[in-house]
Amino acid sequence: MTIVTRFAPSPTGLLHIGGVRTALFSWLYARRHGGRFILRVEDTDRERSTEAAVQVILDGMQWLGLTHDEGPYYQTRRFDRYAQVLQQLLAEGKAYHCYCSKEELEEMRNAQIARKEKPRYDGRCRERTAAVAGVQPVVRFKNPLDGEVIVEDLVHGPVVFQNAELDDLIIARSDGTPTYNFCVVVDDSDMQITHVIRGDDHLNNTPRQINMLRAIGFAPPVYAHVAMILGADGAKLSKRHGAVSVLHYREEGYLPEALLNYLVRLGWSHGDQEIFSLAELEQLFDIADVNKAASAFNPEKLLWVNQQHMMRASLPYLAGVLREQLQRLGIESDDRALLEGVVAGQRERSKTMKEMAQASRYFFVADVEIDDKTGRKHLLGDGAAMLVRLRTGLADLTHWTAPSIHDALTAIAAESGLGLGKVAQPLRVALTGTAVSPPIDVTAALIGRERCLVRLDRAQQWGAGK
RNA sequence: GCUCCCUUCGUCUAGAGGCCUAGGACAUGGCCCUCUCAAGGCCAGUACACGGGUUCGAAUCCCGUAGGGAGCGCCA
């Protein structure tokens, strides 16, 4: 049997990390078993669905590399099919028209709540044979009155529901449009979904869906309800901490494989391993190993995972990402050698690619601006004298490479009777304008002889002006 | 209120009766390395929600309690 999974977001809000994680689980599960992964957009709520939200889903999935094998399907384009199944259910007596007014239903609910009962439709229109004049009826599914439904859940194990707890839910509104639970059932059956992996807020809907699936003659799929992701403070995820569009993480300089790695570790693990490539996950991931409990989103760990991936990724790949991040800062560069050199020098001191770009301006611009406080500390007095020595010592270097620059600097330090720090810091400030950069020899090599000498001159001028 | 779900360090997790005086990771503190900042290495502190059972033995099994979450829409 071919495994078929699906990701079925509704384009009413943002595609955030919670949705991404269930998408990842579905995608991984299909990959792992050589199955198919379907993308289905549940846009039946025409009031709240937006084109922009659909685009974020599509762009986000593409950025993450969670490619679908089928779709995207849109529920709004399948209304004919839903109507067809609806007619079939009505004809077979498995669904019925309900003429109850909203006021009547409201009254019923209030009475039940007053009696401390679970509010539910009592089925009063079940046996009605005649239409009520002037009322456009809704259609309700005839749920079994007794017996039980067992949801075979891959993460929770079997979960038992009594049919008596369930009521006859509305599957078509009075305007004829189908509702969520009904569409899902028709789609899952038509698309021959074998494994439904979704948030556990749907666990309670599952027995109803199973009953409907059976009514239309489809063997229910296997379910896996995964817990939601909580905010860093343990409260429900909100815009404050992470409920932002997944594309936000791209802007912030996270690598997609790192985000995925972080997300998969929320509720899943493989021994003591923390860092996984996508290829490894395809081999190792199993939905049955996913935890039942909700987990909190930890931004610090995401940062760490991101850096781990940065330190493992290929230079050409990261150079491309750095180039994009620099563009966001208004810096253009097509110098692949420079970009790769900067990545190699900066990746162990940057948590994100955005941070790397921000800390690497001096490699790409013509001139640097010397931070006043830093300059005063390193470029005046002994520092000023060192600038002179550096200028003469570096000007005639035969080869402008990190090793030869390093040799020249240690020679200057030795003959001055100073530590390397007294030599490197003035140079660093002169070249970068700041007190922080990759190893000074590497930094100088990347900036190049011409710009280095110019910057040394400028630094001297800067000091003279103080 | 009713139904369902969940509960190991601050956080993510390992743990499927003895290997647990509970392991790893992030974060935190200290030390080492060191031209800055990092990265890396070493060390430290901190957890089985609570109460009963079952058992020679329980984080692991059972039952309660407490706490948290979800659902109960002509929303998805």
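Proteins get letters first, then strands, A, B, ... in listed order; numbering begins at 1 in each.
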Less than 3.5 Å between a donor and an acceptor, one on the side chain of A/D272 and one on the base of B/rA25, is that the case here?
no
Of the candidates B/rA39, B/rC5, B/rA76, the side chain of A/L203 sits closest to B/rC5
Starting the side chain at C-beta, find the nucleotide from B/rC12, B/rC2, B/rA39 nearest to A/R265.
B/rC12
Taking B/rC5 as the reference, what is the distance to B/rG23 when you measure between their C1' atoms (whole Å, please)?
28 Å
Considering only heavy side-chain atoms of A/R48, the closest of B/rA25, B/rA76, B/rA39 is B/rA76
Give a yes or no answer on whether the side chain of A/T179 reaches the backbone of A/I170 with a donor-acceptor pair at less than 3.5 Å.
yes
Proximal nucleotide (of B/rG40, B/rC2, B/rC12) relative to the A/E165 side chain:
B/rC2
Is the distance from OP1 or OP2 of B/rC74 to the nearest side-chain N or O of A/T179 less than 4.0 Å?
no
Would you say A/H202 places a side-chain N or O within less than 4.0 Å of OP1 or OP2 belonging to B/rA76?
no
To the side chain of A/R109, which of B/rA76, B/rU36, B/rG73 is closest?
B/rG73
With respect to the side chain of A/V159, which nucleotide from B/rA27, B/rG24, B/rC4 is positioned closest?
B/rC4
Would you say the side chain of A/Q273 and the base of B/rG24 hold a donor-acceptor pair, judged only by whether the two atoms sit under 3.5 Å apart?
no
May I ask you to verify whether the side chain of A/R120 and the base of B/rC72 hold a donor-acceptor pair under 3.5 Å?
no
OG1/A/T443 to CZ/A/R428 distance, rounded to the nearest 0.5 angstrom?
6.0 Å
For B/rA25 versus B/rG17, give the span between their P atoms, rounded off to a whole number of Å.
26 Å
